[in-house]
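Notes follow the structure.
Excluded from the calculations below are hydrogen atoms, water molecules and symmetry mates; all remaining heavy atoms, backbone and side chain alike, are included.
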Amino acid sequence: KEGSNTICFRVNSEWQGTQLLTANIYLFSPLAKLVISDVDGTITKSDVLGQMLPRVGVDWSHLGVTALHQCIAVNGYQMVYLTARGIGMATTTKEYLASIKQGEDMLPPAPVLLSPTRL
């Protein structure tokens with residue numbers, strides 16, 4: 001179906017037993033209008049501090065960024081978030097993006113593309 005789809009991989013290992021890995025795969029219509037938004041320095045105020053300060057509870061996002069992204073989504077565009085953060089930061093980056101709330105606005109859910117060459 002279009003949008004976010006959950007997949008699950010099951011891996012059997014002699015040492016660790018059965019391990020489950022879940023992920024989301026996004027399916028967009030061929031006619032979908034995409035807007036790619038950088039995370040570090042665009043949603044966050046800076047690259048390095050944007051990665052560190054949210055971990056200690058400091059909001060380091062640009063004021064109005066959630067309202068802007070909501071307006072983009074309401075006008076029929078699909079968001080895609082792009083970051084140079086390593087793939088090892090996938091969970092914390094997704095959690096951070098989902099946690100940004102300014103007033104009543106939050107960032108629209110969307111796939112996050114991370115750097116495959118960094119951990």
Side-chain angles (χ1 to χ4, degrees):
K1 68 177 172 67
E2 286 190 16
S4 179
N5 296 278
T6 302
I7 60 170
C8 183
F9 294 99
R10 184 181 313 253
V11 179
N12 294 312
S13 167
E14 188 175 306
W15 292 309
Q16 296 179 332
T18 301
Q19 301 292 312
L20 296 177
L21 171 70
T22 59
N24 292 329
I25 293 181
Y26 282 79
L27 176 63
F28 293 122
S29 160
L31 302 176
K33 300 177 286 182
L34 302 179
V35 172
I36 300 172
S37 177
D38 182 42
V39 174
D40 305 303
T42 303
I43 291 176
T44 65
K45 293 178 186 175
S46 68
D47 290 357
V48 176
L49 292 177
Q51 293 182 43
M52 300 302 165
L53 291 178
R55 292 181 183 199
V56 294
V58 176
D59 179 15
W60 201 246
S61 61
H62 281 290
L63 186 61
V65 73
T66 55
L68 171 65
H69 284 73
Q70 282 295 332
C71 285
I72 292 169
V74 164
N75 281 294
Y77 293 88
Q78 300 290 326
M79 298 301 307
V80 175
Y81 301 114
L82 179 69
T83 179
R85 298 177 189 195
I87 201 162
M89 294 184 68
T91 300
T92 56
T93 301
K94 291 174 187 177
E95 288 172 352
Y96 168 66
L97 293 173
S99 75
I100 299 174
K101 184 173 184 180
Q102 297 175 343
E104 295 301 313
D105 292 319
M106 298 184 78
L107 293 175
V112 179
L113 303 179
L114 297 105
S115 173
T117 59
R118 296 183 183 173
L119 293 178

Please determine whether side chain to side chain contact (heavy atoms under 4.5 Å, CB included) holds for the pair I43 and I100, giving the CA-CA distance in whole Å, both sets of side-chain angles, and the decisive distance to 0.1 Å. CA-CA 10 Å; I43 291 176; I100 299 174; 3.7 Å; yes

Could you go through V39 and L97, starting from their C-alpha distance and side-chain angles, then the distance that decides it, and tell me whether this counts as side chain to side chain contact (heavy atoms under 4.5 Å, CB included)? CA-CA 9 Å; V39 174; L97 293 173; 4.2 Å; yes

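With sequence neighbours excluded, the residues forming a side-chain contact (heavy atoms from CB on, under 4.5 Å) with T6 are N24, listed by chain and number. By the side-chain hydrogen bond (donor to acceptor under 3.5 Å, both in side chains) test, N75 pairs with no residue at all, sequence neighbours left out. Residues passing the side-chain hydrogen bond (donor to acceptor under 3.5 Å, both in side chains) test with T22, sequence neighbours excluded: none. For I72, the side-chain contact (heavy atoms from CB on, under 4.5 Å) partners two or more places apart in sequence, or in a different chain, are V35, L68, Y77, M79. When the side-chain contact (heavy atoms from CB on, under 4.5 Å) test is applied to P111, the partners found at least two apart in sequence or on another chain are Y26, F28, V80. For S13, there are no side-chain hydrogen bond (donor to acceptor under 3.5 Å, both in side chains) partners at least two apart in sequence or on another chain. For L63, there are no side-chain contact (heavy atoms from CB on, under 4.5 Å) partners at least two apart in sequence or on another chain.
Atom CD1 of I36 sits about 12.5 Å away from atom OG1 of T42, to the nearest 0.5 Å. Put simply, CG on L27 and CG on N5 are 6.5 Å apart, with the number rounded to the nearest 0.5 Å. Rounding to the nearest 0.5 Å gives a distance of 10.5 Å between CD1 of I87 and OG1 of T93.
Residues in residues 27-37 take part in these side-chain hydrogen bond (donor to acceptor under 3.5 Å, both in side chains) pairs, two or more places apart or across chains: S37-H69. Each side-chain hydrogen bond (donor to acceptor under 3.5 Å, both in side chains) pair with one or both residues in residues 99-110, not counting sequence neighbours, appears once here: S61-Q102, T66-Q102.
Hydrophobic cluster membership is shared by Y81 and V65, with clusters built from Ile, Leu, Val, Met, Phe, Trp and Tyr side chains linked at under 4.5 angstrom.
Heavy atoms only, all atoms of each residue included: V112 and K94 are closest at CG2-CG, 3.9 Å. Taking all atoms of both residues into account, the shortest heavy-atom contact from P108 to Q70 is N-NE2, 3.7 Å. Smallest separation of non-hydrogen atoms from G86 and L114: O-CD2, 3.4 Å.
Taking Ile, Leu, Val, Met, Phe, Trp and Tyr as hydrophobic and joining them when side-chain heavy atoms fall under 4.5 Å apart, one finds I25 in a cluster with I7, F9, L21.
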